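Source: prediction; values computed, not measured.
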There are 2 protein chains.
Amino acid sequence: MGKKYSILLVEDDASLGYLLTEYLRMKDFDIIWEKEPAKVIDLIQNNRFDLAILDVMMVRVDGFTLAANISKEYPSLPFIFLTARSLKVDVLKGFSLGALDYLKKPIDEEELVVRILSLLDRLKRSSGHIDENSIFNIGMYRLNSSTQELFFESKVVHLTSRESELLKYLASHPNELCEHKGILETLWGNNDYFNRKSLNVFVTHLRKYLAQDPTIKIENVHGRGFILKTNLGEK
Amino acid sequence: MGKKYSILLVEDDASLGYLLTEYLRMKDFDIIWEKEPAKVIDLIQNNRFDLAILDVMMVRVDGFTLAANISKEYPSLPFIFLTARSLKVDVLKGFSLGALDYLKKPIDEEELVVRILSLLDRLKRSSGHIDENSIFNIGMYRLNSSTQELFFESKVVHLTSRESELLKYLASHPNELCEHKGILETLWGNNDYFNRKSLNVFVTHLRKYLAQDPTIKIENVHGRGFILKTNLGEK
DNA sequence: AAAAAGGATTAATGAAAAGTTAATTAGATG
DNA sequence: CATCTAATTAACTTTTCATTAATCCTTTTT
């Protein structure tokens, strides 16, 4: 399955540190807990982290200074703050340093986890990889792109992989123009005359499958691409 | 001079809505405040937003349901929740619906702004293609230059690429002289006798499309270029 | 006022794009 | 190797749209 996310927790408070470490580990993160801010840069140098969680109020060094150092050396490492200080000026400072979130104590572990996952999933997605979501509602149809099945009322049609990929692509951007280029590069890896011809064939296939719901339609924009329109005729 | 971010605020509480609208507008966001959840989908259809801010507890519809509807039709529109309910289960639900953040009342406006900016700046960076401003209001018409659609009342006209590009160019400089040279070089890449003839043909097309609103008009300035005049007849 | 240049409008043309159906190729499976 | 399946290619039709042409109208210049 998906690889574990790897997280660096910098927290000099023993009980909170222990609690979070255990909880996050239970939630299937790879987590390293460092109590000593001075050792952090070294740690980052020798490991690959997806995210750093920094306490703002630590005894030896404050989290802001630490964050500044980290992002100077490793600007691509995302980080969030954890803090008892919920002074407004601190929140603003946290974000101005480039933090992706700023959580106030008392920390709710579950909330921490969903915030972390929301952040990391989004980062992963934006860094080029396709989203894993496999169920798409398309008008009265439903596509399961991992089984390549298209449901309508009680019937099921098994799509071929190309058909399914194309429909998934369109359904991921409903009511938006999907340019030829984007489609071809995503599905075929390149954009040449013949693949373009292929694309037309698959659009025809999909239109045939989707013909039973008049509120949706694959439209062509001459010379540009296709749009999957939903909600046609709604007021 | 980066482009303004465009934000949809859905909030049925008049005083909070007013406060946030004014504050965000002051902070240089383009903001549309909608009190009526039922009208939201329509608004999204007719505008381009960078972000939606949804109140969770509204009288008619709850924000979660609204969010679910929005992200079904427009999954690429990012949204965050704003709420008095800080029940843990709600926070979790909010994120599970795909929210990018979940802010608890009382809202600190400054914090709201830095969180919004943090989100949007990151989205912009990651999405590669910053959705060029593609919606233009032209009198009673509305152009979506990305899908090449021109809306008037409930009707839609599909423009050709040239028509759409030209109207976009004119609408980007309303009430200003657009010189032949500029138009031709932008749309055709060069400025010769035949392209100029072509330009005239497209101006005629656009005039025909835009004929139903007497408050706008494409005027010619002899020997120089064209002007898209808006607000004609207003005092 | 006549001539010349610019502009508006409509229609004809031709090339490219899209749509469709069918044939072919390639890859898998047994 | 025979069979099946799915992607690609081919062949052909239809549609779309930018360009060009033709004609008439308007503005500017002389």
Contacts of type salt bridge (charged side-chain N to carboxylate O under 4.0 Å, His left out), residue [X], not counting sequence neighbours:
| X | result |
| --- | --- |
| A:R115 | A:D101, A:E111, B:D101 |
| B:E163 | none |
| B:K93 | none |

Next item on the list: Before accepting this row, confirm whether a basic side-chain N of the pair B:R162/B:E165 lies closer than 4.0 Å to the acidic partner's carboxylate O.
Entry: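 Salt bridge: yes.
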Margin query: Between B:D50 and B:R48, does any NZ, NE, NH1 or NH2 come within less than 4.0 Å of an OD or OE carboxylate oxygen?
Written below: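 B:D50 and B:R48: salt-bridged.
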Checklist line | Qualifying residues under ring pair (Phe, Tyr, Trp, His ring centres under 6.0 Å), relative to B:Y169, sequence neighbours excluded | finding: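 Here the qualifying residues are B:H173.
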Check: ring pair (Phe, Tyr, Trp, His ring centres under 6.0 Å) with A:F152: which residues, sequence neighbours excluded?
Finding: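 Once residues adjacent in sequence are excluded, the partners of A:F152 under the ring pair (Phe, Tyr, Trp, His ring centres under 6.0 Å) criterion are A:Y141.
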Notebook entry, point to check: Distance-only, no hydrogens or angles: does the B:E11 side chain make a donor-acceptor pair with backbone N or O of B:D55 under 3.5 Å?
Noted result: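 No, the answer is negative, given that no donor and acceptor are paired below the 3.5 Å cut-off.
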Checklist line | Contact under 4.0 Å: B:R162 side-chain N or O vs D:dT19 OP1/OP2 | finding: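 So the side chain of B:R162 is within the cut-off, an N or O lying under 4.0 Å from OP1 or OP2 of D:dT19.
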Note to self: Tell me whether the rings of B:F81 and B:F64 are parallel (<30°), tilted (30 to 60°) or perpendicular (>60°).
What the structure shows: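 Rings of B:F81 and B:F64: perpendicular, as their planes differ by over 60°.
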Identify the pairs formed between an N or O of the protein and an N or O of nucleotides 27-30 of chain C at a distance under 3.5 Å, and give each distance.
none

Show me the side-chain donor-acceptor pairs of residues 23-31 of chain B shorter than 3.5 Å, one per line, residues at least two apart or across chains.
unit_1, atom_1, unit_2, atom_2, d
B:R25, NH2, B:I31, O, 2.9

Check: Looking at residues 179-190 of chain B, who's got a heavy atom less than 4.0 Å off DNA chain D?
Finding: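 Nucleic-acid contacts, sorted: B:W188.
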Check: B:F151 ring centre to B:R142 NZ or CZ under 6.0 Å, with the angle to the axis within 45°?
Finding: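 Yes, cation above the ring, under 6.0 Å and within 45°.
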Item checked: End-to-end axis angle, where each axis spans five pairs of the helix from C:dA1-D:dT30 to C:dG30-D:dC1, to 10° ->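 That helix has its two terminal axes inclined by roughly 30°.
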Please write out each protein N/O paired with an N/O of nucleotides 19-26 of chain C under 3.5 Å, distance rounded to 0.1 Å.
unit_1, atom_1, unit_2, atom_2, d
C:dG19, OP1, A:R207, NH1, 2.9
C:dG19, OP1, A:R207, NH2, 3.0

List, with names and distances, any nitrogen or oxygen atoms from the protein found under 3.5 Å away from nitrogen or oxygen atoms belonging to nucleotides 25-28 of chain D.
none

Next item on the list: Scan for ring pair (Phe, Tyr, Trp, His ring centres under 6.0 Å) pairs involving residues 210-233 of chain B, sequence neighbours excluded, and state none if there are none.
Entry: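 For residues 210-233 of chain B: B:H180-B:F226.
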